[in-house]
J.: 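I'd like to ask you about the structure that follows.
What you see is a predicted model; the values in this text were computed from it and never measured.
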Amino acid sequence: QVQLVESGGGLVQPGGSLRLSCAASGSISRFVTTAWYRQAPGQQRELVAMSSGGTKYADSVKGRFTISRDNAKNTVYLQMNNLKPEDTGVYYCNVGGSRGAWGTGTLVTVSS
């Protein structure tokens, strides 16, 4: 089982951008599905973006977020543009679907 470590979170003003990275300890090329989830304070974890053949985004992030991967670097990315306060939360990387590997999360705070 690969280990995943997210990075790139932090404090950003509304309208700003961040790129989250998810580095895997081993090859991710065999995994069809990669995804990012987030959990806002007091709320359940929700799917933000998924790539599994095609891509799927939460309605709230469509047109602003982009999921991508670099198999050569064993890394999954989430480019987040035009960030809003409601994007605040802990972001988790996943490869291999619900029974696959999960990272420990990186905190994104969008605030002025």
Side-chain angles (χ1 to χ4, degrees):
Q1 184 73 302
V2 296
Q3 307 296 316
L4 303 177
V5 178
E6 300 95 337
S7 62
L11 174 64
V12 62
Q13 292 187 341
S17 297
L18 285 174
R19 188 177 79 156
L20 304 184
S21 297
C22 170
S25 60
S27 175
I28 63 169
S29 60
R30 69 184 186 275
F31 296 106
V32 174
T33 299
T34 60
W36 288 91
Y37 290 75
R38 71 184 176 196
Q39 187 166 16
Q43 298 187 22
Q44 292 187 336
R45 191 176 298 189
E46 63 172 348
L47 175 67
V48 174
M50 176 180 288
S51 176
S52 185
T55 55
K56 174 182 176 181
Y57 295 93
D59 288 342
S60 61
V61 307
K62 282 181 181 176
R64 300 189 296 122
F65 289 14
T66 303
I67 186 172
S68 62
R69 63 193 289 172
D70 186 334
N71 287 341
K73 295 183 178 180
N74 295 322
T75 302
V76 182
Y77 301 99
L78 184 68
Q79 178 67 43
M80 307 187 295
N81 298 326
N82 189 22
L83 282 159
K84 303 177 180 182
E86 52 263 42
D87 294 319
T88 293
V90 178
Y91 284 70
Y92 299 90
C93 175
N94 164 257
V95 296
S98 59
R99 297 184 179 181
W102 291 85
T104 56
T106 184
L107 177 63
V108 172
T109 303
V110 184
S111 175
S112 55

J.: Tell me if a side-chain donor or acceptor on T88 pairs with a main-chain N or O of V110 at a distance below 3.5 Å.
T.: yes

J.: Using the rule that Ile, Leu, Val, Met, Phe, Trp and Tyr join whenever any side-chain heavy atoms are under 4.5 Å apart, tell me whether V61 and M50 fall into a single cluster.
T.: no

J.: Suppose we screen for side-chain contact (heavy atoms from CB on, under 4.5 Å). Which residues come up paired with V90, at least two apart in sequence or across chains?
T.: Y92, L107

J.: Verify the cluster assignment for F65 and V95: are they in a single hydrophobic cluster under the rule of side-chain heavy atoms below 4.5 Å apart?
T.: yes

J.: Looking only at atom types and distance, does a side-chain atom of N94 sit under 3.5 Å from a main-chain N or O of T34, one as donor and one as acceptor?
T.: no

J.: Enter the distance from K62:NZ to T55:OG1 here, rounded to the nearest 0.5 Å.
T.: 9.5 Å

J.: Would you list the pairs meeting disulfide bond (SG atoms under 2.5 Å apart) in which at least one residue belongs to residues 38-67, sequence neighbours left out?
T.: none

J.: Could you identify which residues cluster with Y77, counting Ile, Leu, Val, Met, Phe, Trp and Tyr as linked when any side-chain heavy atoms lie under 4.5 Å apart, either directly or through a chain of such contacts?
T.: none

J.: Which residue pairs pass the salt bridge (charged side-chain N to carboxylate O under 4.0 Å, His left out) test with at least one member in residues 25-39, sequence neighbours excluded?
T.: R38-E46, R38-D87

J.: Is there a chain of hydrophobic side chains (I, L, V, M, F, W, Y, each step under 4.5 Å between heavy atoms) that links Y57 to V48?
T.: yes

J.: Mind listing the closest non-hydrogen atom pair of Q43 and Q39 along with its distance?
T.: O-NE2, 3.0 Å

J.: Rounded to the nearest 0.5 Å, how far does OG1 of T66 lie from CH2 of W36?
T.: 13.0 Å

J.: Using side-chain heavy atoms (C-beta onward) and a distance below 4.5 Å, is L47 in contact with Y37?
T.: yes

J.: Work out which heavy atom in I67 is nearest to a heavy atom in V76; give both atom names and the distance.
T.: CG1-CG1, 4.3 Å

J.: Side chains of residues 8-29: which donor-acceptor pairs under 3.5 Å do they make with residues two or more places apart or in other chains?
T.:
| residue | atom | partner | partner atom | Å |
| --- | --- | --- | --- | --- |
| S17 | OG | N81 | OD1 | 3.0 |
| S25 | OG | Q3 | N | 2.8 |
| S27 | OG | S29 | N | 3.3 |
| S27 | OG | S29 | OG | 2.9 |

J.: A quick test of your reading: do over 12 heavy atoms of other residues, nucleotides or ligands sit less than 6.0 Å from CD of Q1?
T.: yes

J.: If two hydrophobic side chains count as joined below 4.5 Å and joins carry through other members, does V5 share a cluster with V2?
T.: no

J.: Return each pair, listed once, that meets salt bridge (charged side-chain N to carboxylate O under 4.0 Å, His left out) where at least one residue sits in residues 4-16; pairs must be two or more places apart or across chains.
T.: none

